[in-house]
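Below is one structure, written out as structure tokens; the observations come after it.
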Amino acid sequence: MDLTSTSLQQEVESKQYPKFNHHGAVNGVTGSCHQYWLSPAYSLLIDCGLFQGDEFAGHSTASSPKICFAWQQITAVLLTHVNIDHAGRLPYLIAAGYQGPIYCSEASALLLPLVLADALKVGVTRNEKLLSAFIKRLKRQLIAVSYNQWITLPNCHFTSVQFRLQVAGHILGSAFVEIRHKCQDDWFYVVFSGDLGASHTPLLPAPKSPERADILILESTYGDSNHQGRKQRARALQQLILHSLRDNGTILIPAFSIGRTQELLYELEDIIFRLRGEHIHQHLRWDELDIIVDSPLAASFNHAYLQLKQYWDAEALERHQEGRHPLDFSQLTTIADHQQHLAVVNYLARSEKPAIVIAASGMCAGGRIVNYLKAMLENPVHQILFVGYQARGTPGAEIIARAPNHGFVELDGRHYQVNAEVLKISGYSAHADQQDLLNFVDGIPKKPEEIRIVHGETSAKTALQRILTAKGHHPVIAGAD
Ligand SMILES: [Zn+2]
């Protein structure tokens, strides 16, 4: 095949290129991985995420996700953020032989080695030598780039190609990716939304729309719903704590270490700050309430969030300037060590001392929360507070389903009766809701020629497609390769 600029131009014009292969996040929300082809020999990979939960089956054997796509033609990997469902297949891509650059934001470059080492430790190996060899190799391929700066990639034959990361406001370091290549005398823009943040996500600024997107690849996690307002949600959290701690006991909050934990801490600090001096009950003041974050990864992440204040939003910085410490307040204890973790579980289970514990995993499928549940689920003095989506088949979903009749759930092969009170708050999501997604699209000055909807359940994708079509857009629901 003649790959001169003229032939590339002809192919681009004949609509064969650019083209997309979606290797994940098409029939659900996990496994994000999109290959963007500019020619038969030149492609960019946007994210390389792991499938999770029910979506894992069919894409992987138990311990080895498959890299069954043309990785040899990848010129560069562009990473939107470090969540495992966007970055977790990177070790397998590297193991397959990919030696090219992996571009990400500066914050993501700091966080990614922590996240991948943690994931490999849990799922693959605890061998420190192997882990550190992998991290060393990863760091050789990682290239940190600033937000809002065009970076030139190797030419696609004779055509210039550039990309730029913009703040996505989803988790620290998250970005949406703009890619442009020269097309005759103009640029052609393709934008990958990655995961967009909600407009009221604590700590992080909301994303701004791209200035141009000829093709937009848009996530749709909450394409069919709008979140509860932030104020209502904070009030609900305050009420639940008051209600729960009347008779002491512990409130267990299963939460993912990245993003959700920091959001919760930010709001808890605010409640405690506003109500300091006031009583939860006769023997307990708000500023005496112990908040425990029990997760080594969350501990590292809190540390990173504190180091990277330049990426906080204006409200968080203002609080910091007033001498407040949203992620590091005096009632907060962070536990990284495993022995200490076991000691705290025992202590709280025996003493019934009022406390709030935040531990991963968010859906109770593994992680330290499981030890707390095993020790406390059967005691009605405690509460389990769910703040996030519980996927079908996870222990979290089982606990919610069994709670009304005090049924049994299985944890580590043993049955536990659900006697603790089970509570839920909606609205804690680091994801844009339907309105946020529409605002993102509406803010693009010229309507995209095409919007490819990814990263959502069917109902969310079709709802978003319907509403975008009604607004005069041309959305298609992306299919798997
Ligand atoms: Zn995602």
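Bear in mind the structure is a predicted one, so any value in this text is a computation, not a measurement. Every heavy atom of this structure was used, including side-chain atoms; hydrogens, water molecules and symmetry mates were not. Whatever order the structure lists ligands and atoms in, that order sets their numbers, starting from 1.
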### Query
Going by atom types only, do Y98 and Q141 share a side-chain donor-acceptor pair under 3.5 Å?
no
### Query
side chain to side chain donor-acceptor pair (under 3.5 Å) with Y103: which residues, sequence neighbours excluded?
none
#### Entry: Distance-only polar pair, side chains of E449 and H474, donor-acceptor under 3.5 Å
no
#### Entry: SB check E128 R126 (cutoff 4.0 Å)
no
### Task
Run through the protein N/O/S atoms less than 2.8 Å from the Zn ion (ligand 1) and write them out by chain and number.
H86 NE2, D195 OD2, H455 NE2
### Task
Using distance alone, with no hydrogens and no angle criterion, decide if Q434 and S225 have a side-chain donor and acceptor under 3.5 Å apart.
no
### Task
Spell out, as yes or no, whether a donor-acceptor pair under 3.5 Å connects the side chain of S199 to the backbone of D436.
no
